[in-house]
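Below is one structure; the comments refer to it alone.
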Amino acid sequence: MPPRALRPSGLFLIDKPSGPSSFAVVAETRRRTGARTGHAGTLDPFASGLLLVLSGAATRLAPWLVGLDKRYLTDIDLAAQTSTGDPEGEIVDSHEPPSEEELAERLEHLRGEVELPIPAASAVKVGGERAYRLHRRGVAVEMPMRLSRIHALDVITYSHGVATLDLRVGSGTYIRSVAAALGGHCCTLRRTEVGAFRVEDADPHHLVPPAEALAFLPSVEVSAEEAEAVRAGQRRFAEAVRVVHEGALVAVNGTVLP
């Protein structure tokens with residue numbers, strides 16, 4: 001099979017609907033462009049919102065995008081917990097939802113850096129196998145804990161046992177784990193921001209240039225001769241800066257774009 005094309009190169013901001021997997025969205029972009037395609041962080045099928053899809057040579061930029069902070073809106077049913085932490089699982093516990101005062105107290109313990117268990121229905125490997133595969137076979141395993149950073153956790157509404165929350169979290173934080181810690185499960189989940197990227201700006205046909213995709217990093221402008229030296233491996237900028245020539249990204253921290 002011939003290698004995928006390195007052009008077009010850049011970043012697509014896609015508003016994923018609820019239903020399809022992130023990989024289906026990536027595959028559709030690949031079919032449309034014919035280019036090598038990847039992502040900078042997936043969304044569960046039931047979730048919607050901003051998906052960063054990298055195209056062509058820009059797939060090499062994923063390490064600088066996957067670690068960006070994220071923002072979510074979620075509806076959490078605090079009267080029931082499910083086997084998966086989302087509406088696709090079976091209800092494993094039903095109970096009276098907390099009062100507004102009890103909810104506020106629970107939320108207070110979840111702000112800042114907190115240890116949360118990774119959901120059983122996740123892609124994390126346990127004993128060399130994906131946790132969701134073990135979960136589907138009914139194999140009970142003790143899921144590892146993960147240090148999560150929750151920068152902001154605000155209640156938008158709370159009615160009839162369902163809380164709508166606005167969260168700003170560090171990369172790798174499972175919102176389903178937050179829901180479980182509150183005693184409920186996610187009914188809906190929507191990612192609204194990744195770093196400075198907003199879902200309102202999503203457009204599957206607009207390609208963000210590589211240099212613009214990493215606009216949060218400082219830049220160094222180089223001449224044509226210096227750009228060729230960087231591409232040839234004769235010169236390297238060790239620090240995490242964008243090496244740019246006439247608006248085009250040449251390299252970042254040793255990763256060279258053709």
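- With sequence neighbours left out, the side-chain contact (heavy atoms from CB on, under 4.5 Å) criterion links Glu221 to Val244, His245.
- In this structure, NZ in Lys16 is found 7.5 Å from OG in Ser21, a value given to the nearest 0.5 Å.
- Within 6.0 Å of the CD1 atom in Ile91, the count of heavy atoms belonging to other residues, nucleotides or ligands does not exceed 12.
- In this structure, Ser55 contributes its side chain and Pro8 its backbone to a donor-acceptor pair below 3.5 Å.
- One N or O on the side chain of Arg242 and one on the backbone of Ala211 form a donor-acceptor pair closer than 3.5 Å.
- Linking ILVMFWY side-chain heavy atoms closer than 4.5 Å, directly or via other members, places Leu11 and Val252 in a single hydrophobic cluster.
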Would you check, one step at a time, whether the test side-chain contact (heavy atoms from CB on, under 4.5 Å) holds for Val230 with Val222? CA-CA 10 Å; Val230 170; Val222 297; 5.5 Å; no
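- Side-chain atoms of Ser22 never come within 3.5 Å of backbone atoms of Thr42 as a donor-acceptor pair (strictly under, hydrogens ignored).
- Between Arg168 and Glu193 there is a side-chain heavy-atom pair separated by less than 4.5 Å.
- Between the side chain of Arg231 and the backbone N or O of Pro258 there is no donor-acceptor pair closer than 3.5 Å.
- Minimum heavy-atom separation, Leu43 to Gly49: CD1-O, 3.7 Å.
- Residues Trp64 and Phe216 come closest through the heavy atom pair O-CZ, 3.3 Å.
- In this structure, the side chains of Glu90 and Thr82 stay at 4.5 Å or more apart for every pair of heavy atoms.
- Grouping the Ile, Leu, Val, Met, Phe, Trp and Tyr side chains by contacts below 4.5 angstrom, directly or via other members, places Leu249 with Phe197.
- Residues Phe12 and Thr37 form no side-chain contact, since every pair of their non-hydrogen atoms from C-beta on lies 4.5 Å or further apart.
- Looking only at distances, no side-chain donor or acceptor of Ser148 sits under 3.5 Å from a matching main-chain atom of Leu116.
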After noting the C-alpha distance and the side-chain angles of Leu165 and Leu73, does the key distance pass the side-chain contact (heavy atoms from CB on, under 4.5 Å) rule? CA-CA 6 Å; Leu165 304 181; Leu73 283 176; over 6 Å; no
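- Pairing each heavy atom of Leu110 with each of Ala181, the nearest pair is CD2-CB, 3.9 Å.
- The closest side-chain donor-acceptor pair between Ser48 and Ser18, if any, does not fall under 3.5 angstrom.
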Please lay out, stage by stage, how Leu78 and Leu103 fare under the test side-chain contact (heavy atoms from CB on, under 4.5 Å). CA-CA 9 Å; Leu78 293 170; Leu103 175 58; 3.8 Å; yes
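- Put simply, the side chain of Lys70 never gets that close to the backbone of Thr173: no donor and acceptor are under 3.5 Å apart.
- We find the SG-CG distance between Cys187 and Asp77 to be 4.5 Å, quoted to the nearest 0.5 Å.
- Ion pair Asp44/Arg176 flagged as a salt bridge, since at least one NZ, NE, NH1 or NH2 atom sits closer than 4.0 Å to an Asp/Glu carboxylate oxygen.
- Distance alone, capped at 3.5 Å, is enough to place a donor-acceptor pair between the Thr29 side chain and the Val25 backbone.
- The closest side-chain heavy-atom distance from Val26 to Ile14 is not below 4.5 Å.
- Leu189 is listed as a side-chain neighbour of Tyr72, based on a closest heavy-atom distance under 4.5 Å.
- The closest side-chain heavy-atom distance from Glu88 to Pro45 is below 4.5 Å.
- Counting heavy atoms from C-beta on, the side chains of Leu107 and Val155 come closer than 4.5 Å.
- Here the CG-OG1 distance, from Leu167 to Thr192, works out to 9.5 Å after rounding to the nearest 0.5 Å.
- A pairwise comparison of heavy atoms in Pro98 and Arg106 identifies CG-NH1, 3.6 Å as the closest pair.
- In this structure, Leu207 is not a member of the same hydrophobic cluster as Leu52, with clusters built from ILVMFWY side-chain heavy atoms closer than 4.5 Å.
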With side-chain contact (heavy atoms from CB on, under 4.5 Å) as the test, would you mind laying out the steps for Ile150 and Val178 before giving the verdict? CA-CA 9 Å; Ile150 303 179; Val178 174; 3.9 Å; yes
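- Between the side chain of Arg111 and the backbone N or O of Leu153 there is at least one donor-acceptor pair closer than 3.5 Å.
- Note that the CD1 atom of Ile156 and the CG atom of Asp166 stand 5.0 Å from one another [nearest 0.5 Å].
- Residues Leu50 and Leu61 share a single hydrophobic cluster, defined by chaining ILVMFWY side chains whose heavy atoms lie under 4.5 Å apart.
- Formation of a donor-acceptor pair under 3.5 Å by the Thr74 side chain with backbone atoms of Ile76 is not found in this model.
- Heavy-atom minimum distance, Pro117 versus Ser177: O-OG, 2.7 Å.
- For the residue pair Asp69 and His151, a side-chain donor N or O sits within less than 3.5 Å of a side-chain acceptor on the partner.
- Closest non-hydrogen pair, Leu257 versus Ser9, comes out as CD2-OG, 4.3 Å.
- Side-chain atoms of Tyr158 and Pro97, non-hydrogen and from C-beta on, do get closer than 4.5 Å to each other.
- Side-chain rings of His39 and Phe23 approach one another, their centers coming within less than 6.0 Å.
- Of the charged side-chain nitrogens involved, none lies within less than 4.0 Å of a carboxylate oxygen, so that Arg146 and Glu115 do not count as a salt-bridged pair.
- A continuous path of Ile, Leu, Val, Met, Phe, Trp and Tyr side chains, each step under 4.5 Å between heavy atoms, connects Val250 with Val220, placing both in one hydrophobic cluster.
- Annotation: side-chain hydrogen bond (donor to acceptor under 3.5 Å, both in side chains) contacts of Glu246 (sequence neighbours excluded): none.
- For the pair Arg36 (side chain) and Arg7 (backbone), a donor-acceptor distance under 3.5 Å is absent.
- The 12-atom threshold is exceeded at CD of Glu102, counting heavy atoms of other residues, nucleotides or ligands nearer than 6.0 Å.
- Atoms CD and NE2, on Gln81 and His95 in that order, are 5.5 Å from each other to the nearest 0.5 Å.
- Using a cutoff of 4.0 Å between basic side-chain nitrogens and carboxylate oxygens, Asp75 and Arg190 are not scored as salt-bridged.
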